[in-house]
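Naming: A, B, ... by sequence-line order, numbering from 1 per chain. Keep in mind that this is a model prediction, so the values were computed, not measured.
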Protein chains: 2
Amino acid sequence: MKRATIKDVAEAAGVGVATVSRVLSGGSASPQTRERVLAVAAQLDYRPSALGRNLRQQRTGGMGLLLPDLTDSFYGQLAEGVLACARSAGEPVVIGSTADDPEQEAELIGMLLEQSVDRLIAVPCGDADTWRPALKAGMTVVFADRLPPEPDPGTPQPDPAGAAPESELEGALSGVSSAALSELMMLDGVGALPGARPAAPRPAVRPLDVPAVLTDDRSGIRTAVQYLRGLGHRRIAYLGGPGRERRVEAFRQAVGGVPDEELIVFSDGSRDSAYAAASGLFQTRPDLTALVAGGNMLGEAAVLAARELDLRVPRDLSVVMYDDVPWAELCSPPLTVIAQPARDMGYRAAELVLRAGSRRPRSVLLPTELVIRGSCGPRL
Amino acid sequence: MKRATIKDVAEAAGVGVATVSRVLSGGSASPQTRERVLAVAAQLDYRPSALGRNLRQQRTGGMGLLLPDLTDSFYGQLAEGVLACARSAGEPVVIGSTADDPEQEAELIGMLLEQSVDRLIAVPCGDADTWRPALKAGMTVVFADRLPPEPDPGTPQPDPAGAAPESELEGALSGVSSAALSELMMLDGVGALPGARPAAPRPAVRPLDVPAVLTDDRSGIRTAVQYLRGLGHRRIAYLGGPGRERRVEAFRQAVGGVPDEELIVFSDGSRDSAYAAASGLFQTRPDLTALVAGGNMLGEAAVLAARELDLRVPRDLSVVMYDDVPWAELCSPPLTVIAQPARDMGYRAAELVLRAGSRRPRSVLLPTELVIRGSCGPRL
DNA sequence: AACCATGATGGAATCGTTTCCATGAAGAGG
DNA sequence: CCTCTTCATGGAAACGATTCCATCATGGTT
């Protein structure tokens with residue numbers, strides 16, 4: 001029992017294939033022809049094959065979606081957002097999980113290229129060189145949640161060059177509706193020309209010119225740090241994951257002065273490594289009183305490690321975690337978190353990638369929210 | 001800068017396109033030709049387009065994956081398993097999330113059909129009628145985690161007919177390696193012919209003859225209930241989600257006698273509904289002392305509702321939850337769970353769907369494990 | 001009445017691949 | 001030396017859609 005093709009419909013309706021195609025894709029046709037074709041198509045249960053169409057138009061519909069890890073519920077939510085948007089557009093989504101490994105990422109990009117998937121949403125882990133092939137092949141790429149690491153910091157430009165556009169952005173941010181925010185161009189300080197007019201509309205040249213949907217890490221971290229400082233904490237540690245340079249940088253800035261680098265530790269994407277990093281941190285620096293975890297898996301590890309070492313939260317240790325996840329409320333004490341609109345991020349990214357072509361998509365910066373629960377207390 | 005086609009390679013290598021195709025897909029060719037073609041292909045950075053291939057072979061490579069909700073980390077893990085297997089086979093995965101809504105499921109199936117995706121892994125929510133079109137179109141379908149609801153129970157056949165194959169299965173289960181288990185044919189009692197030879201190799205006829213990767217719900221639930229009974233609990237409640245008839249049935253069987261139906265409550269897939277169901281249950285039946293939650297979202301809701309009502313776990317209420325999720329350990333007290341090998345399930349399902357065609361895939365039943373933590377205590 | 005504009009229509013080309021089939025060469029066996 | 005087999009090889013036909021282009025009819029304008 002094979003599927004009916006356009007030819008079958010044409011024959012049954014006594015018209016040419018071209019006419020059928022036109023009718024189905026909204027071209028011009030006489031009312032009676034249109035009706036007859038439609039009737040026959042329905043009767044034969046005809047569905048145009050994406051295969052033929054794709055080959056002819058030299059592109060696969062739909063979009064690719066590359067995430068580090070579907071087990072992480074933040075990415076799960078992001079994916080749900082993407083899927084929701086794709087569904088409403090009737091487009092398929094090809095998914096891949098990279099485990100934060102640039103090699104796997106490159107492989108998956110290759111696979112998508114082979115499939116002629118020409119639209120891609122990605123939480124990137126590889127650097128610009130990983131992504132250039134995709135762009136050169138004409139893919140429309142939208143990054144979500146983070147950007148590829150800068151290939152070469154060059155002159156680090158500690159603050160002044162970076163601070164200018166940032167503060168401008170922050171100004172625009174405060175008190176502005178989320179909707180208006182979305183039209184904002186993302187201006188990242190790093191890589192900006194030192195002498196360039198700071199207020200010029202032209203964005204800073206970055207190695208990769210790819211639109212992105214990000215959250216305002218800088219402000220999220222700053223809020224958290226300020227909150228902790230307000231509670232009297234001075235030795236605040238940061239536990240970071242891969243591909244999160246922006247957050248670390250924001251943390252360094254937020255604590256001000258010369259940061260105590262020993263209080264800033266990293267892990268790769270795995271649970272074990274996160275646990276090891278947290279546990280190591282607590283043991284080498286028992287004097288720390290607060291911790292910012294740069295991701296929900298890191299937060300999980302931190303809580304676990306703290307419990308193992310008999311550190312009571314928040315009495316001995318205050319914890320703020322990035323990402324609001326369902327279990328944050330279940331934890332005891334319930335975790336204070338920096339919430340990101342994960343689902344929205346996915347949805348917006350999908351919108352961006354689908355809209356591309358009509359107008360050049362602009363980047364989107366979404367706000368974060370500090371959700372105060374019970375895991376932070378005053379320094380004793 | 002367009003991609004090189006097979007024609008370009010053929011011309012550059014001075015051979016016909018047929019030869020190039022043969023070389024690339026491992027057909028016969030003389031060593032020198034093969035080498036030349038390979039060299040030219042590499043030099044031109046040629047990658048065969050999946051579009052042309054798919055059209056020609058009348059099928060899209062890869063597989064579809066339909067899940068209720070990527071936010072649920074059980075399904076996240078399952079998806080990771082599928083992706084891992086697909087990656088090692090170099091196959092793309094088209095994903096869709098159904099929100100446990102048969103209508104959306106049907107829509108997604110239609111979309112996959114349109115894409116000529118002919119292999120599908122699904123956690124089904126629609127009934128047999130939803131799935132028949134896919135099967136009739138020649139799709140290879142493998143169900144994971146659960147089966148479509150039985151269309152019509154007919155004569156319920158309370159125990160005897162169902163018990164025979166089940167106990168046989170259980171016998172095979174105990175003390176048998178997981179590898180051997182995988183070759184086991186899934187025999188579900190419902191629908192079995194009453195008078196048929198019970199030991200016959202021919203499986204029970206079910207409305208849909210689709211291979212599946214399931215966990216042994218019956219034994220999982222039974223273990224949990226026995227554990228709770230051993231702690232002295234007599235009024236044990238069950239909180240169930242959609243598409244989980246097997247677990248409820250298993251629960252009814254495990255508690256034995258005439259079950260107190262008031263202690264068995266359901267919710268749909270949403271968090272709110274789960275919370276409402278749990279809260280309602282606790283308030284109408286304050287005499288219950290233990291609860292089995294048939295899924296991690298249900299467990300989450302139960303813990304939350306219990307806390308809200310000042311029920312202390314495990315002092316006032318013992319809780320066993322289905323699915324081991326990372327946060328179960330973070331909860332306080334850490335949750336005792338029925339762990340399912342979620343990732344394995346996904347991986348096995350993907351294997352099954354990829355292997356199909358060579359040999360008819362058989363269903364797989366994987367064991368569960370009761371992981372005892374701190375959420376169950378003796379009845380006081 | 002001749003001409004042009006408009007619009008519906010179908011034939012055929014096209015996309016990139018696989019695969020069938022015919023051709024030709026070369027080697028083996030009589 | 002002829003023939004039969006084997007094998008590498010390339011041309012061409014699919015696959016199912018879209019879309020260009022030519023054709024034809026119709027109706028309006030000069």
Undergrad: Which of these passes side-chain contact (heavy atoms from CB on, under 4.5 Å) with B:Glu105: B:Ser97, B:Pro124, B:Pro68?
TA: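 Going through the options one by one, the only one that passes is B:Pro124.
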Undergrad: Using a cut-off of 4.0 Å on non-hydrogen atoms, how would the nucleic acid contact of B:Thr33 be classed: base, sugar-phosphate, or nothing?
TA: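 If one applies the 4.0 Å heavy-atom cut-off, B:Thr33 turns out to touch the sugar-phosphate alone, with no base involved.
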Undergrad: Is it the case that C:dG10 (base atoms only) and A:Arg22 (side chain only) share a donor and an acceptor within less than 3.5 Å, ignoring hydrogens and angles?
TA: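 Side chain to base: pair found, below 3.5 Å.
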Undergrad: So, do A:Leu120 and A:Leu112 sit near enough that their side-chain heavy atoms are less than 4.5 Å apart?
TA: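 A:Leu120 vs A:Leu112: side chains touch.
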Undergrad: Can you tell whether the side chains of B:Arg87 and A:Glu107 come within less than 4.0 Å, N to carboxylate O?
TA: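 No, B:Arg87 and A:Glu107 are not salt-bridged.
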Undergrad: Just to be sure I understand the rule, does B:Ser21 reach a base, reach only the sugar-phosphate, or reach nothing, if contact means heavy atoms closer than 4.0 Å?
TA: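 Base: the residue B:Ser21, judged by heavy atoms under 4.0 Å, touches a nucleobase.
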Undergrad: A:Leu51 has an atom CG; how far is it from atom C1' of D:dC15, in whole Å?
TA: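 Rounding to the nearest Å, CG of A:Leu51 and C1' of D:dC15 are 8 Å apart.
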Undergrad: Roughly, in whole Å, what's the span from NZ in B:Lys7 to C1' in C:dT17?
TA: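 Taking NZ of B:Lys7 and C1' of C:dT17, I get 13 Å after rounding.
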Undergrad: Find the distance B:Arg36:CZ to D:dA8:P and express it as a whole number of Å.
TA: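 One finds 14 Å between P of D:dA8 and CZ of B:Arg36, rounded.
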Undergrad: Mind checking B:Gly52 for me? I need base, sugar-phosphate or nothing, with any heavy atom below 4.0 Å counting as a touch.
TA: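 The answer is base, as B:Gly52 lies within the cut-off (heavy atoms under 4.0 Å) of a base atom.
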Undergrad: Please state whether the phosphate of C:dT9, meaning OP1 or OP2, lies under 4.0 angstrom from any side-chain nitrogen or oxygen of A:Thr19.
TA: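 Indeed not, no polar side-chain atom of A:Thr19 lies that close.
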Undergrad: Tell me if the side-chain of A:Arg56 makes a donor-acceptor pair with the base of C:dT14, cut-off 3.5 Å, by modelled atom types.
TA: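 In this structure, the two groups form a donor-acceptor pair.
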Undergrad: Between atom CD in A:Gln115 and atom C1' in C:dT17, what is the gap in whole Å?
TA: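 Interatomic distance, CD of A:Gln115 to C1' of C:dT17: 13 Å.
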Undergrad: Within the structure, does a side-chain N or O atom of A:Ser28 lie under 4.0 Å from either OP1 or OP2 of C:dG7?
TA: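 No, because none of the side-chain N or O atoms of A:Ser28 sits under 4.0 Å from OP1 or OP2 of C:dG7.
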Undergrad: May I ask you to say what A:Ala29 touches in the nucleic acid, namely base, sugar-phosphate or nothing, with a heavy-atom cut-off under 4.0 Å?
TA: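 Touches sugar-phosphate only.
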Undergrad: Quick one: B:Arg59 CZ to D:dC15 C1', roughly how many Å, whole number?
TA: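 Between C1' of D:dC15 and CZ of B:Arg59: 14 Å.
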Undergrad: Answer yes or no: does a side-chain N or O of A:Gln57 lie under 4.0 Å from OP1 or OP2 of D:dA17?
TA: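 A:Gln57 to D:dA17 OP1/OP2: no side-chain N or O under 4.0 Å.
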Undergrad: Hey, is the side chain of A:Ser30 poking within less than 4.0 Å of OP1 or OP2 on C:dT9, counting only N and O atoms?
TA: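 The answer is yes; a side-chain N or O of A:Ser30 sits under 4.0 Å from OP1 or OP2.
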Undergrad: Measure from CG on A:Leu113 to P on C:dG16 and round the result to the nearest Å.
TA: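 Taking CG of A:Leu113 and P of C:dG16, I get 15 Å after rounding.
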Undergrad: Taking B:Gln115 as the fixed residue, which of A:Val94, A:Asn54, A:Leu51 is the one that meets the side-chain contact (heavy atoms from CB on, under 4.5 Å) rule?
TA: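 For B:Gln115, the side-chain contact (heavy atoms from CB on, under 4.5 Å) test succeeds with only one of A:Val94, A:Asn54, A:Leu51, which is A:Asn54.
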Undergrad: Could you measure the distance from the CG atom of A:Leu113 to the CE atom of A:Met139? Nearest 0.5 Å is fine.
TA: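 Here the interatomic distance stands at 4.5 Å.
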Undergrad: Between C1' on D:dG16 and CZ on B:Arg53, what's the gap in Å once rounded to a whole number?
TA: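 Rounded to the whole Å, the gap is 18 Å.
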Undergrad: Mind calculating the distance between CD1 (B:Ile6) and P (C:dT19) to the nearest angstrom?
TA: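 About 11 Å, once rounded to whole Å.
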